[in-house]
Amino acid sequence: MTRVFLIAAALLAAAPALAQTPPEPAPAQAPASRFERDRQAILAQAGQWRVRFDMRETVSFRPDYEPLEEKLSAGDEIVRVVHDDGTRISLQHILVMGDDEGNFHVIKHWRQDWVYEPETVLTYAGPNRWTLTAVPEGERRGAWSQTVWQTDDSPRYGGVGRWSDDHGMTQWTSGPTWRPLARRDAIRDTPYDRYLGSNRHALTPAGWVHIQDNMKMGPAQDDDGVPTAIVQEDVINTYRKVDNYDPAPGDAYWAATKDYWAAVRAAWDQAVAASGGLYLEEEANRGAVTGKPLMDWAVDVQEGRLTTGAAADLARALIAHATAAPAE
């Protein structure tokens with residue numbers, strides 16, 4: 001939109017020496033297993049970052065649609081490991097925005113959950129709906145799923161891919177997955193209502209980069225029910241490690257609200273498990289109806305207007321109501 005345990009690095013055993021010859025010294029560190037290299041690549045995304053957001057529509061596939069001008073922005077963001085049990089890793093992004101007078105504004109941002117060899121992944125199934133999609137055994141062997149959650153921990157999209165070190169570059173690439181509109185598009189009147197996109201996460205000398213290849217799709221134009229391509233969008237979000245701002249306000253927010261957000265995540269997980277997916281009401285030009293109240297109650301917890309328990313009760317009731325699918 002999270003769940004820290006320690007795990008030892010895997011070492012390869014040295015071959016036994018022959019009896020008649022003196023043993024050779026063991027290497028200082030044997031190569032890590034593929035699994036452990038994957039884990040370390042995921043964990044390398046945690047830290048303190050300056051993020052550059054670069055979003056641009058590039059190619060129109062409809063004669064009456066002109067691609068938008070590129071949108072560039074930047075921000076300071078910390079990423080914290082909030083769960084790691086070996087095969088499941090959860091990373092929480094928190095924006096920490098300060099001004100010249102020392103004032104800070106903190107916003108809980110998106111969350112990414114990684115699961116090794118997943119049996120299912122939560123995928124977007126069209127307006128207001130997500131479904132748990134089975135991952136065939138051959139596709140999940142050695143693979144990791146990444147599920148992305150919105151600021152209120154409601155679902156956004158999920159995909160499956162493998163980490164590789166080809167060509168001197170450590171990266172993970174997902175297959176194409178359906179996604180709901182991001183807020184930058186949901187607040188506008190657009191001819192498209194979903195994306196078909198793939199993700200790439202790659203480590204860089206300065207940090208890491210998140211690359212999205214999105215085809216923005218509109219409703220079907222004929223009886224076959226197949227969405228139509230409107231415009232291609234390229235998104236490049238670059239994370240550069242820095243230490244020139246104070247992350248303490250973001251960490252203070254998380255310390256005060258993490259138990260509340262754990263209850264929120266549990267409520268979402270329960271809703272998904274109950275029906276093998278999720279129905280979630282969305283508002284025109286805003287997104288999920290749960291977004292503002294869930295975020296506001298976290299601030300109330302941090303500032304002492306609500307206890308964690310009271311806020312969690314409100315959140316559970318809201319999520320239960322918002323995910324109740326209408327009668328068919």
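Excluded from the calculations below are hydrogen atoms, water molecules and symmetry mates; all remaining heavy atoms, backbone and side chain alike, are included.
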*Asks:* Looking at M169, is its backbone amide N or carbonyl O close enough to the side chain of D166 to form a donor-acceptor pair, meaning the two atoms are under 3.5 Å apart?
*Replies:* no
*Asks:* Is a salt bridge present between D76 and R50, judged by a nitrogen-to-oxygen distance below 4.0 Å?
*Replies:* yes
*Asks:* Would you call P191 and Y65 a side-chain contact if the rule is heavy atoms closer than 4.5 Å?
*Replies:* yes
*Asks:* Determine, stepwise, if the pair E233 / R184 fulfils salt bridge (charged side-chain N to carboxylate O under 4.0 Å, His left out).
*Replies:* CA-CA 12 Å; E233 178 191 56; R184 63 183 178 274; 2.9 Å; yes
*Asks:* Show me the donor-acceptor pairs, under 3.5 Å and distance only, between side chains in residues 119-126 and residues at least two apart or in other chains.
*Replies:*
{"residue": "T123", "atom": "OG1", "partner": "T131", "partner atom": "O", "Å": "3.3"}
{"residue": "T123", "atom": "OG1", "partner": "T133", "partner atom": "OG1", "Å": "2.7"}
{"residue": "Y124", "atom": "OH", "partner": "G126", "partner atom": "O", "Å": "3.3"}

*Asks:* Is any side-chain heavy atom of W254 less than 4.5 Å from a side-chain heavy atom of W261?
*Replies:* yes
*Asks:* Between R37 and D165 (salt bridge meaning N to carboxylate O under 4.0 Å), is one present in this structure?
*Replies:* yes
*Asks:* Taking the side chain from Y253 and the backbone from A248, do they hold a donor-acceptor pair closer than 3.5 Å?
*Replies:* no
*Asks:* Under the criterion side-chain contact (heavy atoms from CB on, under 4.5 Å), I'd like the reasoning laid out for E70 against D54: C-alpha separation, chi angles, the key distance, then a yes or no.
*Replies:* CA-CA 7 Å; E70 66 179 320; D54 184 341; 4.0 Å; yes
*Asks:* Out of H109, K108, E77, which one pairs with H93 under the side-chain hydrogen bond (donor to acceptor under 3.5 Å, both in side chains) rule?
*Replies:* E77
*Asks:* Could you give the distance from CG (L196) to CG (N214), rounded to the nearest 0.5 Å?
*Replies:* 8.5 Å
*Asks:* Are V79 and I211 linked, directly or through other ILVMFWY residues, by side chains that come within less than 4.5 angstrom of each other?
*Replies:* no
*Asks:* How would you list, by chain and number, every residue that makes a ring-ring contact (aromatic ring centres under 6.0 Å, His included) with F104, sequence neighbours excluded?
*Replies:* none
*Asks:* Honestly curious: do L181 and F53 fall in one hydrophobic cluster under the side-chain, below-4.5 Å linking rule?
*Replies:* no
*Asks:* For the OH atom of Y195 and the CH2 atom of W178, what is their distance to the nearest 0.5 Å?
*Replies:* 13.0 Å
*Asks:* Give the C-alpha distance, both sets of side-chain angles, the deciding distance and a yes or no for side-chain contact (heavy atoms from CB on, under 4.5 Å) between Q302 and D300.
*Replies:* CA-CA 6 Å; Q302 183 186 22; D300 289 340; over 6 Å; no
*Asks:* Is any side-chain heavy atom of N237 less than 4.5 Å from a side-chain heavy atom of R52?
*Replies:* no
*Asks:* From L95 CG over to I107 CD1, what is the distance, rounded to the nearest 0.5 angstrom?
*Replies:* 6.0 Å
*Asks:* Is there a donor-acceptor pair under 3.5 Å between the side chain of E57 and the backbone N or O of L68?
*Replies:* yes
*Asks:* Between R129 and E282, does any side-chain N to carboxylate O distance fall below 4.0 Å?
*Replies:* no
*Asks:* So, using ring-ring contact (aromatic ring centres under 6.0 Å, His included) as the criterion, who are the partners of W268 when residues are at least two apart?
*Replies:* none
*Asks:* Under a 4.5 Å cut-off applied to non-hydrogen side-chain atoms, are V209 and I236 in contact?
*Replies:* yes
*Asks:* Considering all heavy atoms of both residues, which atom of D185 and which atom of K216 are nearest to each other, and what is their separation?
*Replies:* OD2-NZ, 2.9 Å
*Asks:* Do you know the tightest heavy-atom contact between V301 and A256?
*Replies:* CG1-O, 3.6 Å
*Asks:* Distance only, no hydrogens: is a donor on one side chain within 3.5 Å (strictly under) of an acceptor on the other, for S198 and R200?
*Replies:* no
*Asks:* Assess the residue pair D113 and Q146 against the criterion (side-chain contact (heavy atoms from CB on, under 4.5 Å)); give the C-alpha distance rounded to whole Å, side-chain angles, the decisive distance to 0.1 Å, and a yes or no.
*Replies:* CA-CA 6 Å; D113 287 355; Q146 183 212 42; over 6 Å; no
*Asks:* Can you get from L314 to V299 by hopping between Ile, Leu, Val, Met, Phe, Trp and Tyr side chains that sit under 4.5 Å apart?
*Replies:* no
*Asks:* Could you list all the salt bridge (charged side-chain N to carboxylate O under 4.0 Å, His left out) pairs where at least one residue sits in residues 140-149, not counting sequence neighbours?
*Replies:* E137-R141
*Asks:* I'd like to know if D38 pairs up with R162 as an ion pair, taking the criterion as any Lys NZ or Arg NE/NH1/NH2 lying under 4.0 Å from an Asp or Glu carboxylate oxygen.
*Replies:* no
*Asks:* Would you call F61 and M215 a side-chain contact if the rule is heavy atoms closer than 4.5 Å?
*Replies:* yes
*Asks:* Stepwise, does the side-chain contact (heavy atoms from CB on, under 4.5 Å) test hold for Q92 with Q112?
*Replies:* CA-CA 7 Å; Q92 179 64 59; Q112 46 174 322; over 6 Å; no
*Asks:* Side-chain contact, heavy-atom cut-off 4.5 Å: P127 with R194?
*Replies:* yes
*Asks:* Without hydrogens or angle criteria, can the side chains of R179 and N199 be said to hold a donor-acceptor pair below 3.5 Å?
*Replies:* yes
*Asks:* Would a single hydrophobic cluster contain both V135 and V115, if residues Ile, Leu, Val, Met, Phe, Trp and Tyr are joined by side-chain heavy-atom contacts under 4.5 Å?
*Replies:* no
*Asks:* Any side-chain heavy atom of W208 within less than 4.5 Å of one from Q45?
*Replies:* yes
*Asks:* By the salt bridge (charged side-chain N to carboxylate O under 4.0 Å, His left out) test, which pairs, at least two apart or in different chains, include something from residues 235-256?
*Replies:* R80-D251
*Asks:* Mind checking the OG1-OH spacing from T323 to Y279? Nearest 0.5 Å is all I need.
*Replies:* 10.0 Å
*Asks:* Contact between Y116 and I42 at the side-chain level, heavy atoms closer than 4.5 Å - yes or no?
*Replies:* no
*Asks:* Which pair of heavy atoms, one from V160 and one from W172, lies closest together, and at what distance?
*Replies:* C-CZ2, 3.9 Å
*Asks:* Which side-chain N or O atoms in residues 288-298 pair as donor and acceptor under 3.5 Å with protein atoms at least two apart or in another chain?
*Replies:*
{"residue": "T290", "atom": "OG1", "partner": "D152", "partner atom": "OD2", "Å": "2.5"}
{"residue": "K292", "atom": "NZ", "partner": "D296", "partner atom": "OD2", "Å": "2.6"}

*Asks:* Return the minimal non-hydrogen interatomic distance between W163 and A41, and the atom names on each side.
*Replies:* CZ3-CB, 3.6 Å
*Asks:* By the definition side-chain contact (heavy atoms from CB on, under 4.5 Å), identify the one residue from V272, T147, L280 that meets it with W130.
*Replies:* L280
*Asks:* With a 6.0 Å cut-off on ring centres, are W110 and H210 close enough?
*Replies:* yes
*Asks:* Counting only N and O atoms by type, is there a donor-acceptor contact under 3.5 Å from the side chain of Q48 to the main-chain atoms of I78?
*Replies:* no
*Asks:* Looking only at non-hydrogen atoms, find the nearest pair between R34 and S164 and report the distance.
*Replies:* NH1-CA, 4.0 Å
*Asks:* Could you tell me whether Q270 atom CD has more than 12 heavy atoms of other residues or ligands within 6.0 Å of it?
*Replies:* no
*Asks:* Is E69 atom CD crowded by more than 12 heavy atoms from other residues, nucleotides or ligands, each under 6.0 Å away?
*Replies:* no
*Asks:* Counting only N and O atoms by type, is there a donor-acceptor contact under 3.5 Å from the side chain of Y239 to the main-chain atoms of A46?
*Replies:* no
*Asks:* Do Y157 and M55 belong together in a cluster built from hydrophobic side chains that touch within less than 4.5 Å?
*Replies:* yes
*Asks:* As an exercise, state the distance from CG of L43 to CG of L91, rounded to the nearest 0.5 Å.
*Replies:* 7.0 Å
*Asks:* Using every non-hydrogen atom in the two residues, find where W144 and T87 come nearest and quote the distance to one decimal.
*Replies:* CZ3-O, 3.8 Å
*Asks:* Between OG1 of T257 and CD of E303, what distance do you get to the nearest 0.5 Å?
*Replies:* 11.5 Å
